[in-house]
Peer 1: 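Dropping the structure in here first, questions after.
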Amino acid sequence: MDQAQKTHYCGKLSTGHVNRKVKLTGWVGKRRDHGGLIFIDLRDRSGQVQLVFDQRQGRELFNLAETLRGGYVVAAEGEILPRSPETINPSLPTGEIEVGVTSMEVLNISKTPPFYIEDNINVDENLRLRYRYLDLRRPEMLKRLQLRHRAVKLIRDYLDQYDFLEIETPFLTRSTPEGARDFLVPSRLQGGSFYALPQSPQLFKQLLMVSGIERYFQIARCFRDEDLRADRQPEFTQVDIETSFFSTENLFALTEGLVAELWKEIHGLEIKRPFTQMPYREAMNRFGTDKPDLRYGMELADLDQQARKSEFKVFQAALEKGGSVKGLRLPGGKRLSRKDLDDLTLQARQLGAKGLAWAYVEEEGWRSPISKFFAPPLIEEINRKMEAEAGDVLLFVADSWELSCAVLGHLRTKFAPDKLSDQPHFLWVVDFPLFHFNEEEQRYDSDHHPFTAPRAEDMPLLEGEPLSVRARAYDLVLDGVEIGGGSMRIHDSSTQARIFKMLGLTEEESAEKFGFLLDALTYGAPPHGGIALGLDRLVALLSGDESIRQVIPFPKTATASCLMTGAPSNVSEKQLEELRIIIEPEKDEK
RNA sequence: GGAGCUGUGGUGUAGAUGGUUAACAUAUCGGCCUGUCAAGCCGAAGACCGCGGGUUCGAGUCCCGUCAGCUCCGCCA
C-alpha cells in the first residue's frame, strides 16, 4: 500500500490502535454538526469510523470540516482516541474509538447522491442501475462482490488441487444451430459474415479433451439472446468443467466436493454426501418438475387407474390419447374460495392445461362439480391414495403425462410451506431423455445438446424409438433451482453422425456446421464428459438473493439494456458502412 | 410474441366515488447549537403528477395509446 495515502482501513480500527497516529482515506457519509463540534462518518471498503473535529483545536481545520458533505473524498490524519464510556456506540464495530483529526485534505467533492449510500434502501431499481457505481458503494453490495470473489477463488483453488487447468476459449466464434439464439458480431474483414458469441464453451471444451488436457475448467462468460427473467441475464457466468477418463460417479463426487466446500466456507454448513439421485421420470411423476424442491412433500398422485373407473369423460379422453391423470393434494385447502380455485384454473390454462378439476374433501365425500362422475367407493379410493382428509382440496389435471405433471408441479410450488428447512437439499436428476419432439418443427431435438451420449443399453432404440432413449445427462438441483447440468459426451464420430442424422441434419449440413468436431472425434478422442455450474445462481443462493442481478456487478434490465451506459445504442454511419450493414426502418405492422 | 403490477419534489410515500393552495417523511440549502452516531431546534427552496392523445366546465384521479422498470408464460440445446 502507498503509505503516503493511507495507513489503515477505517473499519479495521479498534481499541488496539488507541494513541496511534493514522492516515485514512475514504468517503464522507453522515455528518453531525454541533456547531463547535463536528462528527463525520468516514467510510471506505472496510467499514466506517467516526472523525471528530473540535473548533477549539484550530480554526482552519474546523472551517474545512464545515464544508464536508456526503460523498466527498477526503484524506485525514489524526490520532485514534478512546471514547468515554457514555459515548461508546455498541452497534458499530469501531464504536469504541474515534479519530481526532489533526489535518485533512479534500481529495474530491461530490454532488448529493441520488439515493442513500447505505444498506436496506428502498429505491426504484431503475435508479440503482443507472447509478450502479454508487449502488455498489453500499456495504451490502460490496459484500456480495466479496462473496462472489471468495466463491470464485475457492472454485479455482479446489479445481487446481485436483489438477484442473484453467483455459480460456474464444468469445468470437462461429454460430452453430440448435440451442438458444446467438448474439452475432459482424465481421469487418469479411463483410457479410458474422461471429457468434458463445452460448457456452461446449465445443471448445470437448476439443480440449481431444487435445489431451484431461481436466479443464474455466470461469466462462456465456451469451444467449433470449428473453430475460429474474434468474436469467443475456450474459452470465458458468463454472465450466470437462474431464476425460472420468465416470459419471467420478464427476459427481468432484462436483459434490466443490459445492460442499462452498457451503462450508460461506455458511459453515456440512453438506451430506453423496447427493440424492433421481431419474427424470421419477422427478416428473412425484414433483411435476425436473428440478424438484425436496424440502417439502406434497407429491403428485398418479391416478390413471382410478380415472379409468370414473364416468368423467375428460379423464377418459386423456387416457385414451395415451395421457395421464395426476392429482395434487392441498392440505387444509378448504380456506380456498371458489374464486381462488377459479384463479388456479386460469393459471393451469395459462400453463397449457385444458382445465383444472378440483374437489373439496369433506366427511361425507367431495364437494365438487365432478363428484357426480365418481362413485362413493371410488372417491374413497382416491382419497386413500392421496392421503386426503376432510378440509383438504384436491386438484386434478388430465392431459399428456408431461403436461399433467408439469401443471400440478407448478401449482405445487405455489403452495409450498412458508417455513422450509435451512439445510440445503441437493439432488442429481439423471436419465433425461436424449430427445424430445419439437411439435413446431415436426422433428426431434436434443433435450440437452447434440453431443450428449446416449446410454449404451438404449442405443438399439435410437432410430426406432428415439423418445425412449435415455441420455447420460444430469442436472444438479438445489431446493428447486437448477444450478448446473452436464453430460457424458459422444466420443466416436459414427455415433455423433447418427445423432446428427436423427436431428434432421443431412451429412452435408453436419459436415458444414460441425465438421471440425466430427474430424476431431476421428483422432483418438478420449471418453469425456463434464458439467457447467451457473455461477450467478450459485452466488445468489449463497447470498440469499432472489435475483441474480444482485450478484452481478453490472446487470442488464428485462429488455437487456444497461441503464448506466445506455447499451445497446446506435452506431455511426461510418461503422455501419465498414461492416456493410444497412439498417431497415422498423416495420409498421398495422 | 403474450399477461400482470408499478411510474407523483433529489429519494420514499399519501393523495376513496374527478373539484381548483398536490400532503407527509427524509435528503438538500441557510441559521442556532461542544458528545452526536436515525443528532436536535428554527427557517427556506424544491413536483406542472413517466410521455402523448382523449372524455369533461374541470383530470394526479376516468379512457386509449406509448415508454421504462419489475414479475410470469412462450423462449432459454
Side-chain angles (χ1 to χ4, degrees), chain A residues 29-42 48-57 62 66 69-71 81 83-92 94-95 98 111-118 120-131 134 176-182 199-200 202-203 222-234 236 343 346-352 406-407 410 413-414 432 434-436 438 440 444-452 471 473 482 485-487 499 503 532 534 546-547 549 555-561 563 589-590:
Chain A
K30 287 258 167 59
R31 166 179 62 107
R32 292 174 293 279
D33 184 346
H34 288 240
L37 188 69
I38 298 174
F39 300 102
I40 299 286
D41 291 332
L42 187 69
Q48 64 175 51
V49 70
Q50 175 164 276
L51 306 184
V52 193
F53 297 88
D54 193 326
Q55 192 173 31
R56 293 179 300 213
Q57 271 153 4
F62 192 81
E66 277 185 320
R69 293 294 181 272
L81 305 170
R83 295 203 199 178
S84 60
E86 70 278 11
T87 62
I88 285 176
N89 184 348
S91 56
L92 234 54
T94 58
E98 59 194 6
K111 293 205 282 188
T112 304
F115 48 82
Y116 310 115
I117 310 296
E118 62 189 31
N120 302 315
I121 54 169
N122 174 24
V123 233
D124 197 49
E125 193 155 10
N126 263 341
L127 208 64
R128 287 179 54 201
L129 289 177
R130 180 156 159 226
Y131 296 98
L134 296 179
T176 52
E178 304 268 339
R181 194 177 292 113
D182 283 322
Q199 296 177 24
S200 83
Q202 185 58 39
L203 290 166
C222 305
F223 307 86
R224 293 179 192 174
D225 188 6
E226 295 292 346
D227 287 1
L228 278 54
R229 289 285 189 282
D231 63 352
R232 246 160 49 191
Q233 284 274 303
F236 60 97
D343 285 348
L346 195 69
Q347 282 184 44
R349 287 227 175 84
Q350 280 166 355
L351 294 167
V407 169
H410 190 92
T413 62
K414 303 255 170 192
F432 281 89
L434 188 63
F435 302 110
H436 60 261
N438 183 331
E440 211 172 302
Y444 296 105
D445 277 351
S446 288
D447 205 70
H448 188 55
H449 58 56
F451 322 111
T452 303
E482 181 195 327
S487 62
I499 297 291
L503 296 172
E546 298 282 329
S547 167
R549 249 174 283 130
K556 307 260 188 310
T557 69
T559 50
S561 54
L563 296 181
E589 296 199 311
K590 275 179 194 167

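Naming: A, B, ... by sequence-line order, numbering from 1 per chain. In this text, all values refer to a predicted model and were calculated from it rather than measured experimentally.
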Peer 1: When you check the phosphate oxygens OP1 and OP2 of B/C37, does a side-chain N or O of A/T87 lie under 4.0 Å from one of them?
Peer 2: no
Peer 1: What's A/S200 touching, base or sugar-phosphate or nothing? Going by heavy atoms closer than 4.0 Å.
Peer 2: base
Peer 1: Whole angstroms only, please: what is the CG-P distance between A/D227 and B/C72?
Peer 2: 12 Å
Peer 1: Which one is paired to B/U61, where only Watson-Crick or G-U wobble pairs with both distances under 3.5 angstrom count?
Peer 2: none
Peer 1: So which one's nearest nucleotide on RNA chain B is more toward 5', A/Q202 or A/F39?
Peer 2: A/F39
Peer 1: Quote, to the nearest angstrom, the P distance that separates B/G43 from B/G60.
Peer 2: 31 Å
Peer 1: If we call it a pair only when both distances are under 3.5 Å in a Watson-Crick or G-U wobble match, what pairs with B/G74?
Peer 2: none
Peer 1: Report, as a single string ordered 5' to 3', how protein heavy atoms within less than 4.0 Å touch nucleotides 28-34 of chain B: B base, S sugar-phosphate only, - not at all.
Peer 2: SSS--BB
Peer 1: Checking all strands, does A/N122 fall into the base, sugar-phosphate, or nothing category for heavy-atom contacts under 4.0 angstrom?
Peer 2: sugar-phosphate
Peer 1: Is any side-chain N or O of A/R224 under 3.5 Å from a base N or O of B/C76, one able to act as donor and the other as acceptor?
Peer 2: no
Peer 1: Which heavy atom in A/P113 sits nearest to a heavy atom in A/L134, and how many Å separate them?
Peer 2: CB-CD1, 4.3 Å
Peer 1: Ignoring backbone atoms, test whether A/R130 places a side-chain nitrogen or oxygen under 4.0 Å from the OP1 or OP2 oxygen of B/G69.
Peer 2: no
Peer 1: Once you apply a heavy-atom cut-off of 4.0 Å, does A/R549 come out as touching a base, just sugar-phosphate, or nothing?
Peer 2: sugar-phosphate
Peer 1: NZ of A/K556 versus C1' of B/G69: gap in Å, rounded?
Peer 2: 16 Å
Peer 1: Contact class for A/Y116 (heavy atom, under 4.0 Å): base, sugar-phosphate, or nothing?
Peer 2: base
Peer 1: Suppose we define a pair by two distances each less than 3.5 Å, Watson-Crick or G-U wobble; what does B/C41 pair with here?
Peer 2: B/G31
Peer 1: P atom, B/G52 versus B/C70: distance in rounded Å?
Peer 2: 24 Å
Peer 1: Hey, does A/N126 reach any base, or is it just sugar-phosphate, or nothing, if we go heavy atoms under 4.0 Å?
Peer 2: sugar-phosphate
Peer 1: What nucleic acid atoms does A/F115 come within less than 4.0 Å of, heavy atoms only: base, sugar-phosphate, or nothing?
Peer 2: nothing
Peer 1: Any strand is fair game: report the nucleotide pairing with B/C5 by Watson-Crick or G-U wobble, both distances under 3.5 Å, or none.
Peer 2: B/G69
Peer 1: Salt-bridge test for A/R32 and A/D41: reply yes if a basic N is under 4.0 Å from a carboxylate O, no otherwise.
Peer 2: yes
Peer 1: Now, which nucleotide makes the Watson-Crick or G-U wobble pair with B/C24, with each of the two distances under 3.5 Å?
Peer 2: B/G12
Peer 1: Can you check the A/I117 CD1 to B/G12 C1' distance for me, whole Å?
Peer 2: 15 Å
Peer 1: So with a 6.0 Å cut-off around CZ of A/R130, is the heavy-atom count from everything else above 12?
Peer 2: no
Peer 1: Hey, what do you get for OG1 (A/T557) to CG (A/L228), rounding to the nearest 0.5 Å?
Peer 2: 7.5 Å
Peer 1: Could you state the CG-C1' distance from A/L51 to B/C37, rounded to the nearest angstrom?
Peer 2: 13 Å
Peer 1: Could you check whether A/S84 gets within reach of a base, just the sugar-phosphate, or nothing at all, counting any heavy atom under 4.0 Å?
Peer 2: nothing
Peer 1: Base, sugar-phosphate or nothing for A/T557? Non-hydrogen atoms, less than 4.0 Å.
Peer 2: sugar-phosphate
Peer 1: Using a 4.0 Å heavy-atom cut-off across all strands, classify A/Q50 as base, sugar-phosphate, or nothing.
Peer 2: base
Peer 1: Heavy atoms under 4.0 Å, any strand shown: does A/I121 hit a base, just sugar-phosphate, or nothing?
Peer 2: nothing
Peer 1: Who passes ring-ring contact (aromatic ring centres under 6.0 Å, His included) against A/F39, sequence neighbours left out?
Peer 2: A/H34
Peer 1: Expressed as a whole number of Å, how far does the P atom of B/G46 sit from that of B/C33?
Peer 2: 28 Å
Peer 1: My understanding is that a pair needs two contacts under 3.5 Å, Watson-Crick or G-U wobble. By that rule, which nucleotide pairs with B/U55?
Peer 2: none
Peer 1: Would you mind telling me which residue lines up with the more 5' stretch of RNA chain B, A/D231 or A/H449, judged by nearest nucleotide?
Peer 2: A/D231
